[in-house]
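Remember, predicted model here, so these are calculated numbers, not experimental data. Naming convention: chains lettered A, B, ... in sequence-line order (proteins, then strands); numbering from 1 in each chain.
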Amino acid sequence: MTLSTWNINSIRVRLPLVLQFIQERQPHILLLQEIKCTNDQFPKSEFEDQGYNVEVHGEKSYNGVAILSKFPIEKVDTTFSGNTLEDQARFLSIEAKLPIGYSNIISLYAPNGGQVNSKKYDEKLNFFQSLKEYISATLRYDLSLIIGGDFNIAAENLDVYDHVQCSNNICFTIQERQKLRALINAGLCDLYRIKNPDKQEWSWWDYKGRFFDMDHGMRIDTIMSSYNVAQSLNDCVIEKAWRRKKSTSDHAPVTAIFSDEKS
DNA sequence: ATGGTAGCATGGCTA
């Protein structure tokens with residue numbers, strides 16, 4: 001089973017590219033972020049034509065998340081208990097019977113945070129606090145949880161192109177990294193890091209300047225899961241080729257491949 | 001320190 005996540009920065013602009021990605025990669029599940037449209041603007045039938053069940057949590061202009069699933073979707077939630085940014089479309093949860101077992105799958109678009117120490121920055125820290133408390137209260141030894149998306153925080157020094165230069169930048173301050181660490185410590189594994197313990201790869205490169213040409217990026221998108229799900233993991237890769245394409249997103253997709261056995 | 005690009009929406013916000 002293959003599960004991908006991709007911050008596509010507008011589904012209406014990126015529909016042809018996402019359809020091409022589906023054709024080539026054939027993910028059983030695709031988590032999307034920054035769809036930047038309302039539910040009725042989302043090209044649902046185009047994905048249904050490709051054999052996907054589709055759930056969308058959108059809003060006008062900004063944010064927005066969606067989940068495409070080859071497996072029937074059994075339960076849907078557009079927020080979580082305690083969500084401090086409930087008015088923004090950043091969270092979509094489904095349940096589905098996967099080959100690895102019955103699972104809760106979440107598409108997450110964490111806030112960027114704007115400027116360090118701004119109002120948005122505080123809201124970002126508070127959002128992660130509320131998400132950690134929810135995940136902590138929800139995780140049980142018999143629950144299979146997959147949470148993928150744009151976390152908008154790079155965890156470690158090897159997750160940014162220059163950890164000295166980036167240390168005061170949004171998405172890499174100590175305060176943010178502590179929030180991400182606390183979320184992981186609630187009982188999650190970073191599936192990319194399990195399979196690539198030393199690799200330095202990025203999932204996001206700024207559109208501005210020559211960031212992509214210079215390979216100056218950050219690894220802020222990933223797929224996390226409960227430990228039992230991680231036992232079924234075969235590989236996890238960042239698909240940089242999709243960031244190289246014309247008229248693409250500023251993020252690359254991340255894909256996890258699982259063995260089809262229950263863990 | 002600022003600006004560089006991109007999308008939404010058509011001025012300025014968000015990233």
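Put simply, A:Arg14 has no side-chain N or O that comes within less than 4.0 Å of OP1 or OP2 on B:dA6.
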Sequence-aligned protein contact record of nucleotides 8-15 of chain B, with B where the base is within under 4.0 Å of a protein heavy atom and S where only the sugar-phosphate is: SS--BBSB
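Identified under the side-chain hydrogen bond (donor to acceptor under 3.5 Å, both in side chains) test for residues 72-83 of chain A, with sequence neighbours left out: A:Thr79-A:Asn83, A:Thr79-A:Glu86.
Linking Ile, Leu, Val, Met, Phe, Trp and Tyr whenever their side-chain heavy atoms come within less than 4.5 Å leaves A:Leu31 and A:Val54 in two separate clusters.
Under a cutoff of 6.0 Å and an axis angle of 45°, A:Arg244 and A:Phe212 do not form a cation-pi pair.
Separation of the P atoms belonging to B:dT2 and B:dA6 is 23 Å when rounded to the nearest angstrom. Annotation: B:dA15 and B:dA9 have their C1' atoms spaced 16 Å apart (nearest Å). Here the separation of B:dG3 from B:dC13, taken at their P atoms, is 15 Å to the nearest Å. Taking the P atoms as reference points, B:dA1 lies 33 Å from B:dG11, given to the whole Å.
Under the rule for a side chain to side chain contact (heavy atoms under 4.5 Å, CB included), the partners of A:Lys60 that lie at least two apart in sequence or sit in another chain are A:Thr38.
Ring-plane geometry between A:His28 and A:Phe71 is classed as parallel, the angle between the planes falling under 30 degrees on a 0 to 90 degree scale with a further cut at 60.
A:Trp6 places no side-chain N or O within donor-acceptor distance of the main-chain N or O of A:Leu30, the cut-off being under 3.5 Å.
When rounded to the nearest whole Å, the span between CD of A:Gln115 and P of B:dG3 equals 12 Å. Distance, A:Met214 CE to B:dT5 C1': 13 Å, rounded to whole Å.
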